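Here the structure is laid out as structure tokens; the discussion comes afterwards.
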Amino acid sequence: PQLYAQEAARGETVTSRARPDYDAVGIRAGSFLFFPTLDISETYNDNIFATQTNTDHDLITRFQPNFALRSDWNNHLLDINVGGDVGRYLRSDSENYEDFNAAINGIVDVRRDTTIELAASYDSLHEDRGSPDAVSGVSPTEYTRTNLQLGGSNKWNRVSLDVGLATVIEDYDDVALASGTLTNNDDRDRTKYSATARLGYEIIPQYEAFVSTTYNTIDYDSAVDDNAFNRDSDGYEVTVGTKIEFSGVLFGNVFVGYRSQDYDDTRLETIDGPTVGADLSWNITSLTTIKGGISRIVEETTQTGASGYFNTRADISVDHELLRNVLVGGDVAITNQKYRGNGREDDQYEAGAYAKYLINRNFAVSANYDFLRKNSNAALSSYTQNVFMVKLTTQY
């Protein structure tokens with residue numbers, strides 16, 4: 001029976017629906033369930049330094065353990081996750097890394113239609129060599145990100161209100177250059193505060209119109225960066241949109257709006273303009289899901305003369321269930337990064353494909369291929385990458 005595919009339930013996709021014969025059951029610990037997992041993968045990257053010329057290739061072995069503790073209560077919710085990502089390069093020891101993440105998320109059910117959510121996370125990461133703000137250090141730049149969130153939601157018949165506060169703290173380590181000097185990354189350290197309110201109205205069942213507004217302020221630790229720019233800023237975003245669902249076959253969110261980010265330093269141009277967003281899933285058949293997304297957001301940078309950049313991305317993916325325990329799929333994406341103030345513009349093209357075989361509820365194997373091409377009008381910033389990966393997943 002496990003050789004036959006199964007249909008997706010309402011509002012689910014090929015990848016999100018439950019597979020009782022292959023899903024982890026967890027370890028009972030009182031009123032909690034404990035889910036340990038471990039991914040072991042081998043990756044071949046033909047351009048590990050993301051360079052336009054003199055490319056170098058390598059094999060990377062990765063170990064990614066994760067431990068999740070989830071409440072099994074009738075009311076309220078508590079999730080705790082701790083994980084890591086350890087990468088070892090066969091030839092380029094300087095690229096070895098040890099990343100770490102921890103997160104806790106809690107939901108308090110005050111009443112049937114009223115909830116309060118608290119979340120906190122801490123990530124110790126390394127910066128990708130292809131990042132536009134990465135320096136050419138002898139090793140990747142390491143940094144930490146702390147995220148704190150407090151939110152609440154309430155629903156009155158057809159009217160809903162969601163509010164939230166968030167704080168994101170990023171701290172970048174200095175990195176040594178080939179010359180032996182130390183690059184100062186302290187001028188990238190910053191804290192972002194934001195407040196969001198979303199008001200929704202259910203026009204008819206499964207259709208909700210909404211208006212959302214977000215205000216943010218970004219405070220850099222350094223009064224000025226290494227180029228004597230004050231990068232503190234304030235911004236806002238206002239959007240209107242709709243949440244839709246067509247009989248569980250097509251569902252998601254679509255919105256349009258306006259975004260502006262104004263900088264304290266008058267030499268840094270204000271970034272403003274229209275913003276769009278979409279996140280749609282379409283179960284084109286009972287065995288195939290197509291997902292599409294569009295986003296346009298403002299990103300920070302410390303590049304000379306640039307205040308920031310608009311990051312516009314469009315992507316589409318297809319997932320298909322060949323058998324109940326065999327999944328295949330692919331995706332393509334286009335990203336445009338247009339900087340305000342220094343004339344830089346990057347276009348990034350991505351494509352990928354995967355196959356996943358669920359052996360049983362404890363083991364799975366998968367293979368991935370990803371292609372990336374970046375075109376930039378900045379000198380020596382264009383590059384191409386081909387990445388192949390095979391992975392073994394163990395879970396309980």
Side-chain angles (χ1 to χ4, degrees), residues 14-15 19 22-24 35-68 81-102 123-131 134 136-143 175 315 317-333 348-374 383-396:
V14 166
T15 55
R19 291 178 171 81
Y22 302 99
D23 292 339
F35 295 90
T37 64
L38 173 63
D39 289 341
I40 303 174
S41 62
E42 192 69 28
T43 300
Y44 171 78
N45 187 331
D46 70 351
N47 188 3
I48 59 173
F49 296 107
T51 56
Q52 184 170 328
T53 59
N54 300 320
T55 61
D56 197 3
H57 61 89
D58 210 340
L59 287 171
I60 308 103
T61 303
R62 296 175 66 184
F63 302 90
Q64 296 171 282
N66 189 80
F67 305 96
N81 281 272
V82 178
D85 183 358
V86 178
R88 289 294 178 266
Y89 285 69
L90 181 64
R91 300 168 54 242
S92 304
D93 293 345
S94 63
E95 301 305 293
N96 292 344
Y97 64 87
E98 300 87 29
D99 292 347
F100 169 80
N101 63 83
D123 299 276
S124 178
L125 306 167
H126 70 284
E127 194 168 34
D128 187 88
R129 286 293 191 176
S131 170
S136 300
V138 296
S139 61
T141 300
E142 297 179 350
Y143 68 101
V175 61
D315 59 79
S317 65
V318 179
D319 299 293
H320 180 69
E321 187 175 291
L322 284 176
L323 302 171
R324 186 168 298 197
N325 61 335
V326 178
L327 302 175
V328 296
D331 62 89
V332 294
Q348 187 166 293
Y349 306 92
E350 300 169 71
Y354 79 92
K356 186 174 184 179
Y357 173 51
L358 307 174
I359 302 172
N360 54 41
R361 68 171 69 254
N362 300 121
F363 296 95
V365 292
S366 58
N368 296 66
Y369 166 70
D370 292 292
F371 167 83
L372 185 151
R373 173 61 187 174
K374 185 173 185 177
Y383 66 91
T384 300
Q385 277 184 337
N386 291 277
V387 180
F388 302 85
M389 183 186 71
V390 291
K391 180 170 65 176
L392 170 67
T393 297
T394 65
Q395 62 183 20
Y396 190 87

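Small disclaimer: the values here were computed from a predicted structure and weren't measured.
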So, using salt bridge (charged side-chain N to carboxylate O under 4.0 Å, His left out) as the criterion, who are the partners of D85 when residues are at least two apart?
R62
By ring-ring contact (aromatic ring centres under 6.0 Å, His included), which residues pair with H126, not counting sequence neighbours?
Y97
Distance-minimising heavy-atom pair for F49 and S92:
CZ-OG, 4.4 Å
ring-ring contact (aromatic ring centres under 6.0 Å, His included) filter on Y349, not counting sequence neighbours, yields none
Indicate the atoms forming the closest heavy-atom contact of A351 with V332, along with that distance.
CB-CG1, 4.1 Å
Tell me the closest heavy-atom pair linking N81 and A68, and the distance in Å.
OD1-CB, 3.1 Å
Nearest non-hydrogen partners of D319 and V14, listed with the distance:
O-CG2, 3.9 Å
Kindly write out the residues that satisfy salt bridge (charged side-chain N to carboxylate O under 4.0 Å, His left out) with K374, not counting sequence neighbours, or none if the list is empty.
D346
I'd like to check the side-chain contact (heavy atoms from CB on, under 4.5 Å) partners of A367; sequence neighbours left out, ordered by chain and number.
V390
Any chance you could measure I48, atom CD1, to L59, atom CG, to the nearest 0.5 Å?
10.0 Å
Sequence-distant partners of D315, salt bridge (charged side-chain N to carboxylate O under 4.0 Å, His left out), two or more places apart
R313
How far does CG of L358 sit from CG of N360, to the nearest 0.5 angstrom?
9.0 Å
Taking atom OH of Y396 as the centre, does the number of heavy atoms from other residues, nucleotides or ligands within less than 6.0 Å exceed 12?
no
Short side-chain donor-acceptor distance under 3.5 Å, Y354 and D370:
no
Which residues pass the ring-ring contact (aromatic ring centres under 6.0 Å, His included) test with F100, sequence neighbours left out?
none
Contact check, side chains of R91 and H57, non-hydrogen atoms, under 4.5 Å
yes
Candidates N47, D46, L372 - the one meeting side chain to side chain contact (heavy atoms under 4.5 Å, CB included) with N386:
D46
Do you know which two heavy atoms are closest between P140 and E95, and how far apart they sit?
CG-OE1, 3.5 Å
Pairing residues for A355 by the side-chain contact (heavy atoms from CB on, under 4.5 Å) criterion, not counting sequence neighbours:
V328
Mind listing the closest non-hydrogen atom pair of I359 and Y22 along with its distance?
O-CE2, 4.0 Å
Heavy-atom side-chain proximity of R19 to L327 below 4.5 angstrom
yes
Could you check whether any side-chain N or O of N45 sits under 3.5 Å from a backbone N or O of V387, counting only pairs where one atom can act as donor and the other as acceptor?
no
dist Q64:CD -> D99:CG (nearest 0.5 Å) comes out at 9.5 Å
So, using salt bridge (charged side-chain N to carboxylate O under 4.0 Å, His left out) as the criterion, who are the partners of R88 when residues are at least two apart?
E98
Spacing of OG1 belonging to T141 relative to CG belonging to D128, to within rounding of 0.5 Å:
11.0 Å
Taken in chain and number order and not counting sequence neighbours, the residues that satisfy side-chain contact (heavy atoms from CB on, under 4.5 Å) with A50 are R129, Y383, Q385
Atom pairs and distances, side-chain donor-acceptor, residues 36-44, under 3.5 Å, sequence neighbours left out:
unit_1, atom_1, unit_2, atom_2, d
D39, OD1, T393, OG1, 2.8
E42, OE1, T61, OG1, 2.7
E42, OE2, T61, OG1, 3.2

Going by ring-ring contact (aromatic ring centres under 6.0 Å, His included), name the residues that satisfy it together with Y143, two or more places apart in sequence or in a different chain.
Y172
Output for pair (Q395 CD, D23 CG), nearest 0.5 Å, gives 7.5 Å
